[in-house]
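It should be emphasised that the depicted structure is a prediction, and the values quoted were computed from it without experimental measurement. Lettering of chains follows the sequences in order, A, B, ..., and the numbering in each one begins at 1. Below, all heavy atoms of this structure are taken into account, side chains as well, without hydrogens, waters or symmetry copies.
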Number of protein chains: 4
Amino acid sequence: MSGVNKVILVGHLGKDPEVRHLDGNVTVASFPLATSEIYHKDGRKVEQTEWHNIVMWRGLAEVAAKYLFKGKLVYVEGKLRTRTYEDREGIRRYTTEVVAETFTLLGRKSDFDPPSATGNAAEQPAKKTGDTQSNVDFKENDGEEDTHF
Amino acid sequence: MSGVNKVILVGHLGKDPEVRHLDGNVTVASFPLATSEIYHKDGRKVEQTEWHNIVMWRGLAEVAAKYLFKGKLVYVEGKLRTRTYEDREGIRRYTTEVVAETFTLLGRKSDFDPPSATGNAAEQPAKKTGDTQSNVDFKENDGEEDTHF
Amino acid sequence: MSGVNKVILVGHLGKDPEVRHLDGNVTVASFPLATSEIYHKDGRKVEQTEWHNIVMWRGLAEVAAKYLFKGKLVYVEGKLRTRTYEDREGIRRYTTEVVAETFTLLGRKSDFDPPSATGNAAEQPAKKTGDTQSNVDFKENDGEEDTHF
Amino acid sequence: MSGVNKVILVGHLGKDPEVRHLDGNVTVASFPLATSEIYHKDGRKVEQTEWHNIVMWRGLAEVAAKYLFKGKLVYVEGKLRTRTYEDREGIRRYTTEVVAETFTLLGRKSDFDPPSATGNAAEQPAKKTGDTQSNVDFKENDGEEDTHF
DNA sequence: TTTT
DNA sequence: TTTT
């Protein structure tokens with residue numbers, strides 16, 4: 001039946017993606033994304049931030065693990081999914097997530113480098129220095145196609 | 001800073017909108033919207049339905065009360081908002097809603113009529129017969145502008 | 001480089017898709033799509049129709065040939081592409097098209113049937129009667145994936 | 001009837017906006033916007049740039065004149081409009097434009113400053129230094145509303 | 001928990 | 001004509 005379920009976000013990652021590997025060699029990455037809007041109320045400027053739970057699967061999760069880090073500005077396109085789970089107290093809860101289908105890193109070239117080699121660099125998939133790639137557009141089944149985006 | 005928070009849905013209303021009037025002459029309408037997607041798994045066709053909580057404010061809520069009914073197919077554009085509340089047991093819960101900024105009724109002219117004059121017709125703002133309007137596009141502050149959308 | 005180029009349309013086909021088969025077994029379908037908006041100017045209601053040139057490639061073109069006909073209401077998602085060509089008088093012209101990446105048929109089940117068996121039915125891929133399929137969501141590389149949309 | 005006509009772009013301005021003032025105190029701004037996509041063909045990376053003609057009216061044109069400059073990265077949301085005109089040789093031509101309804105500047109704070117005070121600064125509406133505003137979200141009738149975006 |  |  002007749003459905004469209006599409007979300008378009010541009011915002012900053014609140015944390016590095018959390019990457020898990022499920023059975024069957026399936027990768028999942030998830031992270032919070034902040035979108036802010038500024039509006040004016042009674043002459044004052046007010047910033048309101050909305051937090052979104054982003055989930056990426058398989059190939060998209062793997063490129064997310066390589067290119068997305070806390071603070072990066074990213075365009076995310078995906079769909080809404082509300083699922084149910086039990087919290088630690090056994091209470092049934094609902095959570096709404098954005099299951100990403102594409103993302104595009106925004107910002108300047110230097111923004112696409114991983115954080116500089118201090119502290120937590122060890123656990124991050126290193127992006128080679130000298131790589132001149134300056135932008136990243138990804139879709140869910142990237143790699144297979146030799147053509148378009 | 002730098003934010004985009006946009007949701008685009010096409011689906012059917014699961015119920016008539018529930019309309020409330022808040023202090024200060026503010027109208028709010030809300031209803032569940034179903035978007036379905038069909039995919040193929042192991043040769044079988046599977047339909048998966050996602051339910052969204054739609055909220056409309058002020059003028060948009062008022063036109064929703066006039067034109068939107070259970071079963072109608074509608075295009076909704078808005079933004080995500082997650083808010084917290086306490087349920088009847090005093091448990092703090094989160095809910096994610098789509099705050100609509102525009103909607104467009106889809107389908108044929110007859111679909112824009114209110115349900116036929118049995119049962120609950122009384123409490124529904126009647127759409128005149130003979131009205132040839134066959135489509136409805138609305139934005140948040142409809143009425144004020146004398147121009148386009 | 002950082003790019004997003006996305007078009008979202010809901011409108012009616014102005015004609016049946018024109019389907020061509022290029023070298024290398026590549027199918028292309030194209031058709032005009034009308035999107036209308038109603039606005040109010042000086043108290044009068046004005047309807048303004050915009051026409052879009054839609055182009056579909058390969059698998060998407062093939063499903064378009066099966067399910068899309070003049071008058072159908074369809075959701076189309078794609079990207080803008082402006083290309084140059086020479087008209088019959090040798091004048092260099094530009095045309096902007098929407099290269100579709102997905103489409104979804106909207107409307108009721110009966111709307112998905114091909115036009116009844118008079119006139120041009122012969123050249124249309126018949127959709128069996130009795131088929132209960134009531135909705136069609138397609139993406140560019142449909143068929144390969146056994147999962148989601 | 002039943003229309004949706006929406007374009008979503010993220011790209012860089014190819015030129016400073018060209019601003020005109022029409023009769024009746026109406027401002028129009030227009031500029032080319034580049035969206036690039038990178039894809040892989042036969043192992044080679046290929047970048048393809050698409051150029052869009054963006055048009056902004058009234059209040060939106062005025063804020064564009066203040067904040068948008070050649071090279072800036074911007075999110076633009078609007079609708080497609082194809083219009084006809086006669087070129088200098090009297091040939092009737094068509095052009096498709098994106099009539100913007102909203103835009104959001106993307107990138108870091110320093111990107112929101114006007115070009116430094118050399119060369120062409122004279123003809124640009126100066127953005128005061130010391131202004132700490134770091135992001136700009138605008139809609140068509142900005143200024144009137146005291147609330148949301 | 002982001003960004004400015 | 002942008003950006004990397």
Side-chain angles (χ1 to χ4, degrees), chain A residues 9-18 30-39 45-54 67-76 98 103-113 115 120 127 130-137, chain B residues 1-5 82 94, chain C residues 1-5 82 94, chain D residues 9-18 30-39 45-54 67-76 98 103-113 115 120 127 130-137:
Chain A
L9 304 172
V10 176
H12 290 92
L13 280 83
K15 296 182 184 173
D16 286 353
E18 181 184 318
S30 58
F31 55 87
L33 187 80
T35 58
S36 302
E37 94 178 63
I38 292 169
Y39 61 91
K45 194 180 345 179
V46 182
E47 175 169 352
Q48 186 170 332
T49 296
E50 190 67 37
W51 286 97
H52 311 272
N53 302 311
I54 312 295
Y67 293 103
L68 297 184
F69 300 101
K70 176 175 175 175
K72 294 304 181 199
L73 181 65
V74 68
Y75 168 92
V76 172
V98 175
F103 74 84
T104 299
L105 259 171
L106 303 174
R108 49 186 65 184
K109 178 172 149 36
S110 60
D111 292 339
F112 305 150
D113 295 328
N120 60 351
K127 181 141 165 307
D131 188 340
T132 60
Q133 175 156 23
S134 56
N135 153 273
V136 192
D137 280 349
Chain B
M1 134 322 112
S2 302
V4 173
N5 173 359
T82 298
Y94 293 88
Chain C
M1 134 307 135
S2 305
V4 174
N5 173 358
T82 298
Y94 293 87
Chain D
L9 303 173
V10 176
H12 291 93
L13 280 82
K15 295 182 183 173
D16 285 355
E18 181 184 318
S30 57
F31 57 86
L33 187 79
T35 58
S36 302
E37 96 179 63
I38 292 169
Y39 61 91
K45 195 180 343 180
V46 182
E47 175 168 354
Q48 187 171 330
T49 296
E50 191 67 38
W51 286 96
H52 311 272
N53 302 311
I54 311 296
Y67 293 103
L68 297 185
F69 300 101
K70 175 175 174 174
K72 294 304 183 199
L73 181 65
V74 68
Y75 168 92
V76 172
V98 174
F103 73 85
T104 300
L105 259 172
L106 302 174
R108 49 186 64 183
K109 176 173 149 36
S110 60
D111 293 339
F112 306 148
D113 295 329
N120 61 351
K127 181 144 168 305
D131 187 340
T132 60
Q133 176 158 20
S134 57
N135 151 273
V136 192
D137 279 349

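For A:Pro32, whose side chain is taken as the heavy atoms from C-beta onward, the closest listed nucleotide among F:dT1, F:dT2, E:dT1 is E:dT1. Picking from E:dT1, F:dT1, E:dT4 the nucleotide with the shortest atom distance to the side chain of D:Lys70 gives F:dT1. Here F:dT1 is the nucleotide among F:dT1, F:dT3, E:dT2 with the atom lying nearest to any side-chain atom of D:Lys15.
The distance between atom CG of A:Leu106 and atom P of F:dT4, rounded to the nearest whole Å, is 13 Å. One interatomic measurement links the two molecules: CZ of D:Phe69 to C1' of F:dT2, which rounds to 16 Å at whole-angstrom precision. Taking atom CG on D:Asn53 and atom P on F:dT1, their separation rounds to 15 Å, with Å as the unit. One interatomic measurement links the two molecules: CG of A:Leu105 to P of F:dT3, which rounds to 19 Å at whole-angstrom precision. Atoms CZ (D:Phe31) and P (F:dT3) sit 14 Å apart, rounded to a whole Å. Per the geometry, CG belonging to A:Leu13 stands 14 Å off P belonging to E:dT4, to the nearest Å. Counting to the nearest Å, the P atom of F:dT3 and the OH atom of A:Tyr75 are 22 Å from each other. Summarising the geometry, the separation between NZ on A:Lys45 and C1' on E:dT3 is reported as 13 Å, rounded to the nearest angstrom.
A stacking contact links D:Trp51 to F:dT1: the aromatic ring centre lies within less than 5.5 Å of the base's six-membered ring centre, and the planes differ by less than 30°.
Among D:Leu106, D:Leu13, D:Thr104, the one residue that satisfies the side chain to side chain contact (heavy atoms under 4.5 Å, CB included) test with D:Leu73 is D:Leu106.
For D:Gln48, the side-chain contact (heavy atoms from CB on, under 4.5 Å) partners two or more places apart in sequence, or in a different chain, are D:Tyr39. Every residue meeting the side-chain hydrogen bond (donor to acceptor under 3.5 Å, both in side chains) condition with D:Thr49, not counting sequence neighbours, appears here in chain and number order: D:Ser36.
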Applying side chain to side chain contact (heavy atoms under 4.5 Å, CB included), run through D:Ile54 and D:Leu9 and close with a yes or a no.
CA-CA 10 Å; D:Ile54 311 296; D:Leu9 303 173; 3.8 Å; yes

